[in-house]
Amino acid sequence: MTEAIHDLGQGFWTIRGDLKLGGVLNVGTQAGLVRLSDGGFAMLDSYPLTGNIRDRVMQLTDQGRAVRAVLNLHPHHTLHCAGIAQDFPDARLYGSRRHWEKHPKLDWQPQPVESAEVAAMFADDLQFSMPRGIEYIDGNDKVHAGSLLAWHMASRTLHVDDTINLMPVPRLLKRFFPRPRVFLHPTMAEAMKPEPHALQDLKAWIDELAAQCQDLRHLCAAHSGLRSFQPGEFSRELQAAFRRVEGKLAKA
């Protein structure tokens, strides 16, 4: 994966970044830049800005002065919070309880990023969606299925960390699946809440997200990339991805 910033139109830029496990395996990561209705900007997630990407972001945001907020959406994505706070010292910094615990010295806003108060602050530009039926912050640090998704209405872009991924298709199967397939995070079963209706809740949320994103154009998925869709295509693939794992989730 190569670092890049892509203009998806209507005030949304996706940053495709590098994340190397053990300094070797590059699994990739992401951040987003959103132009707000009031003329300011918000960052979705934290990523170290360097080189051409940094130059472009600073050019767009009046050298960072126009960035009003940084919204850290995934509770287990905490590596770069301190760096982005230095890049945008005047921006309001939002995160989950886990972000607060990992970086107690940062000047966090008192409202958790997943709260209704934060959703209301950005409602003119973004709609947030929290999966139901699974844990947002799991006690096992290896279970990353839970996250807060951000739907940018103007560009019809869904920014999602881990909960929904894009699976590269092996060369032998590209004849049947020419583009990366939508799939749910492999730790979804481990993230299921120990409640009788957890699976029904998750299915209902999947159906609601599919309806909300019926006209989705772009999916920005952490670790796995960027893909464009025709109207209705993402919704069908999302529900098919759930059906493929529903049996496994039922046994969780």
Side-chain angles (χ1 to χ4, degrees), residues 8-12 14 30 32 34 36-37 42 44-45 71 73-75 96 112-136 144-167 177 179-189 191-193 195-250 252:
L8 302 185
Q10 302 300 315
F12 194 100
T14 182
Q30 70 171 349
V34 180
L36 303 173
S37 301
L44 304 180
D45 294 317
L71 300 157
L73 304 176
H74 195 305
S96 68
V113 69
E114 72 273 20
S115 66
E117 293 88 346
V118 174
M121 293 176 197
F122 297 94
D124 289 343
D125 303 286
L126 297 164
Q127 293 177 352
F128 299 109
S129 182
M130 174 76 77
R132 299 194 300 277
I134 64 172
E135 300 288 355
Y136 177 51
H144 289 194
S147 66
L148 184 66
L149 286 68
W151 170 242
H152 184 242
M153 295 90 77
S155 66
R156 303 201 297 278
T157 297
L158 183 65
H159 175 101
V160 52
D161 300 320
D162 290 4
T163 304
I164 301 168
N165 296 125
L166 290 167
M167 179 183 292
F177 305 102
R179 294 182 293 173
R181 298 182 73 189
V182 174
F183 73 104
L184 301 184
H185 196 268
T187 65
M188 189 69 70
M192 295 293 295
K193 291 183 176 180
E195 300 171 357
H197 300 290
L199 183 59
Q200 294 94 318
D201 291 344
L202 179 60
K203 183 180 186 305
W205 175 77
I206 290 284
D207 290 341
E208 289 171 14
L209 185 66
Q212 179 184 25
C213 300
Q214 182 66 27
D215 62 346
L216 180 144
R217 292 181 59 195
H218 308 288
L219 177 65
C220 302
H223 307 309
S224 55
L226 169 68
R227 180 184 154 188
S228 298
F229 292 80
Q230 295 298 317
E233 189 178 19
F234 169 75
S235 298
R236 292 190 296 272
E237 291 196 27
L238 175 63
Q239 290 171 316
F242 176 79
R243 289 193 296 270
R244 288 197 299 270
V245 298
E246 187 173 6
K248 179 181 178 181
L249 298 180

Less than 4.5 Å apart, side chain to side chain, heavy atoms only: is that true for Phe183 and Val245? no

Under 3.5 Å: donor-acceptor pair, side chain of Thr14, backbone of Gly32: no

Ignoring hydrogens and angles, tell me if any N or O in the side chain of Gln10 forms a donor-acceptor pair with the backbone of Met153 under 3.5 Å. no

Is there a donor-acceptor pair under 3.5 Å between the side chain of Arg217 and the backbone N or O of Arg156? no

In this structure, CG of Leu166 is separated from CG of Leu219 (nearest 0.5 Å) by 5.0 Å

What are the two closest non-hydrogen atoms of Leu238 and Ala210, and how far apart are they? CD2-N, 4.1 Å

Examine distances only and state if a side-chain atom of Ser155 and a backbone atom of Phe12 form a donor-acceptor pair shorter than 3.5 Å. no

Where is the tightest heavy-atom contact between Leu209 and Leu149, given as atom of each residue plus distance? CD2-CD2, 3.8 Å

With sequence neighbours excluded, residues passing side chain to side chain donor-acceptor pair (under 3.5 Å) with Glu233: Arg179, Arg227

Between the CG atom in Leu126 and the NE2 atom in His152, the distance rounded to the nearest 0.5 Å is 6.0 Å

Quick check: do His159 and Gln30 have side-chain heavy atoms less than 4.5 Å from each other? yes

Could you label the plane-to-plane angle of the Phe229 and Phe234 rings as parallel, tilted or perpendicular, counting under 30° as parallel and over 60° as perpendicular? perpendicular

Please report the shortest heavy-atom distance between Ala191 and Ala145, naming the atom on each side. CB-CB, 3.8 Å

For Lys193, does the NZ atom sit with more than 12 other heavy atoms under 6.0 Å from it, leaving out its own atoms? yes

Output all residues satisfying side chain to side chain donor-acceptor pair (under 3.5 Å) with Gln230, sequence neighbours left out; order by chain, then residue number. none

What distance separates Ser96 OG from Leu73 CG, expressed to the nearest 0.5 Å? 9.5 Å

Can you sort out the partners of Phe128 under ring-ring contact (aromatic ring centres under 6.0 Å, His included), two or more places apart, ordered by chain and number? none

